[in-house]
Protein chains: 2
Amino acid sequence: MTEQKDYKIAAVDRALALLEALADRPEQGVTSLAKSLGMTKSLVFRLLHTLEERGFVSRDPERAEYSLGYRVGVLGERLGKDGALLYAARPVMDDLRDRTSENINLVVREGLKSYVLATRAGRHSIRLFAQAGRNGPLHAGGGSLLLLAFAEPSVVDAALAQPLEAFTPHTVTDRTRLRQMLERIRANGYNIVVNDLDEGAFSVAAPIRGADGSVIASISVAGAVVRFDEERREAYLKAALEAAAEISERLSIHGPGESGRMKSTA
Amino acid sequence: MTEQKDYKIAAVDRALALLEALADRPEQGVTSLAKSLGMTKSLVFRLLHTLEERGFVSRDPERAEYSLGYRVGVLGERLGKDGALLYAARPVMDDLRDRTSENINLVVREGLKSYVLATRAGRHSIRLFAQAGRNGPLHAGGGSLLLLAFAEPSVVDAALAQPLEAFTPHTVTDRTRLRQMLERIRANGYNIVVNDLDEGAFSVAAPIRGADGSVIASISVAGAVVRFDEERREAYLKAALEAAAEISERLSIHGPGESGRMKSTA
DNA sequence: AAACGATGTTTCACAGAATAAAACATTGCG
DNA sequence: CGCAATGTTTTATTCTGTGAAACATCGTTT
């Protein structure tokens, strides 16, 4: 436990804890909140007043019960869904890159295409398909296939109804085999592909889940196949799954536990 | 200036002001924020640290610039879009009810139906169609028609392609006349109807706009036609427009100005 | 290349603000 | 009708938030 400098200002931290508690369970009263947070009633009362004045908390005047206020919604909308994902993923991606020294990709689905939200460049120089802001196919690439595997059936049907381009000789374009692959990905909870989108490249992808538990993005470790031995395969898979779990936890209502203290001390 | 009890706790209020500033303009540095908010650099630095630890603020590690963090998105999503609107509207609806003594309705569009988000009962007892949680038509009722008027053309076409029920002898079901009415509503920026959904009732509706400026809801004053003279017509229209503007302002990025201090001292 | 200027980070001492405890008010329930 | 639980207000004390200023780091200019 290295006591790193603590600039935290207690009053603000407590106010934020209050907001989290109200997000976790709305319609709470002063006493209930005070008890569950280990604060005194008067403190909670003052905090709520402050938050309410700015619309971050809303009081039902009849029942004197509090919930999150409209300003939280306005600011959240401003950030956008991708924004939340992106910022939650950022430090985790940095960490994953440092651990693996490979390229890291954060990919979401956009209709029948994949979309690269962010990347981290590994230490080894290799040109891959993935590039932030770029649209790609859904039927090839580690992250893309994983997204397709966890998409609604109607999306899968629509995606497979399109012409399926072969990006390399190894790209799977046979629809029956593709459906089998998707089934396997769902069963495994991850996806590993080799040479299917970029010649000479591998990709190890894990699913990121939103607050409601549905898969909303994939994070993947990608690099040159020549460095991809059995040992790395295991290590990268473990790292990718952990990273995905960490991001998913951040995006859940309960938020990250006390364990996830990532400081990339490169 | 009646100095009402000030329970506001300064540190928290400043932190919230910081969040608002970052929502208004992301990617700001410490100095810029300190200057625009009239705080010292060290204070802003500490506030940002506290906010960052909880994910309410996100720092670009390279450029040392801050934006809203992912937690804001998670909490905002939890509230939902209707939640933000509902909580922003609540005190305004109370105020509008107190001013007019009539029924107040907050209505949104849900596909090709209207949906009553919330109501306030006036002092005079009158049974109206509107009831919280209820779906209604789009082609009749003050608020519903206004929502239709400001909907995308494809929605209007789809709504008018349906069979149009006549709820009273005064309900307009002629499609050409309806389109003329919608045109008028758009031009006026409000809508007043009589007897078209509830026999013997009037409705004065004004548009509520979201952060992006599009019309997302309507607020309306409704009551018995027998009390609806010219003087009240003017007064209700003014009150409804003001209420709609107030709610819209709350939902905008900049938030409510210092003017809007509503305390319903009934 | 050296010096400057701007920015982010850290330190520190003090004022005043946040806090806990307890009294008070209000509401609902038995 | 009284009891119990909750929200609100007050107050005294302490500790924390705060501003000023020093320091570090970076990019730019001369």
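Sequence lines set the chain letters: A, B, ... in the order given, protein chains first and strands last, and positions in each chain run from 1.
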Measure from the side-chain N and O atoms of [X] to the backbone N and O of [Y], and report whether any donor-acceptor pair falls under 3.5 Å.
| X | Y | result |
| --- | --- | --- |
| T50(A) | I9(B) | yes |
| S114(A) | E110(A) | no |
| N105(B) | V107(B) | no |

Problem - Any residue of residues 33-46 of chain B with a heavy atom less than 4.0 Å from an atom of DNA chain D - result: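 Per residue number, the list reads T40(B), S42(B), L43(B), R46(B).
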Problem - Contact nearer the 5' end of DNA chain D, comparing A10(A) with T31(A) - result: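 Checking each residue's closest nucleotide, the 5'-ward one belongs to T31(A).
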Problem - Residues from residues 15-23 of chain B lying under 4.0 Å of DNA chain C - heavy atoms - result: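 Close to the strand, none.
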Atom-to-atom span, [atom1] of [X] to [atom2] of [N] - whole angstrom:
| X | N | atom1 | atom2 | result |
| --- | --- | --- | --- | --- |
| L47(A) | dT8(D) | CG | C1' | 15 Å |
| D60(A) | dG7(D) | CG | P | 12 Å |
| Q28(B) | dG8(C) | CD | P | 10 Å |
| K8(A) | dA18(C) | NZ | P | 18 Å |
| Y7(B) | dA20(C) | OH | P | 16 Å |
| L48(B) | dT18(D) | CG | P | 13 Å |

Exercise for the section: Would you mind checking if R99(A) and E242(A) are paired as a salt bridge, meaning a charged N to carboxylate O distance below 4.0 Å? Expected result: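 Yes, this pair counts.
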To the side chain of [X], which of [options] is closest?
| X | options | result |
| --- | --- | --- |
| A11(A) | dT9(C), dT8(D), dA18(C) | dA18(C) |
| R14(A) | dA20(C), dT9(C), dT8(D) | dA20(C) |
| I9(A) | dG8(C), dT18(D), dT8(D) | dT18(D) |

Residues 80-92 of chain A side chain polar contacts: donor-acceptor under 3.5 Å, at least two apart:
residue : atom : partner : partner atom : Å
K81(A)  : NZ   : E77(B)  : OE2          : 3.3
R90(A)  : NH2  : S58(B)  : OG           : 2.6
R90(A)  : NH2  : R59(B)  : O            : 3.4

Expected list for residues 20-30 of chain B: side-chain donor-acceptor pairs under 3.5 angstrom, two or more places apart:
residue : atom : partner : partner atom : Å
E20(B)  : OE1  : R71(A)  : NH1          : 2.7
E20(B)  : OE2  : R71(A)  : NH1          : 3.3
D24(B)  : OD1  : H254(B) : NE2          : 3.2
E27(B)  : OE1  : R63(B)  : NH2          : 2.5
E27(B)  : OE2  : S67(B)  : OG           : 3.1
Q28(B)  : OE1  : S32(B)  : OG           : 2.7
Q28(B)  : NE2  : A21(B)  : O            : 3.3
Q28(B)  : NE2  : R25(B)  : O            : 2.9

Exercise for the section: Measure across A11(A) and A11(B) and return the closest heavy-atom pair with its distance rounded to 0.1 Å. Expected result: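 That closest heavy-atom pairing would be CB-CB, 4.1 Å.
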Exercise for the section: First locate atom CD1 of I219(A), then atom CD of E246(A), and finally report the distance between them rounded to the nearest 0.5 Å. Expected result: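 If we round to the nearest 0.5 Å, I219(A):CD1 and E246(A):CD are 10.0 Å apart.
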Exercise for the section: Anything under 30° is parallel, anything over 60° is perpendicular, the rest tilted; go ahead and classify Y236(A) against F202(A). Expected result: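 If you compare the ring of Y236(A) with that of F202(A), the planes turn out parallel.
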Exercise for the section: State, to the nearest 10°, the angle formed by the axis through the first five base pairs of the helix from dA1(C)-dT30(D) to dG30(C)-dC1(D) and the axis through its last five. Expected result: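 If I round to tens, the end axes sit 30° apart.
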Practice task
Name all residues meeting the side chain to side chain contact (heavy atoms under 4.5 Å, CB included) criterion together with R209(A); count only those two or more places apart in sequence or in a different chain, and write none if there are none.
Solution key: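 Partners of R209(A) under the side chain to side chain contact (heavy atoms under 4.5 Å, CB included) test: F150(A), V215(A), S248(A).
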Handout entry: Identified salt bridge (Lys or Arg N to Asp or Glu O under 4.0 Å) counterpart of E102(A) within the set R227(A), R97(A), R123(A)
Key =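 For E102(A), the salt bridge (Lys or Arg N to Asp or Glu O under 4.0 Å) check succeeds only for R227(A).
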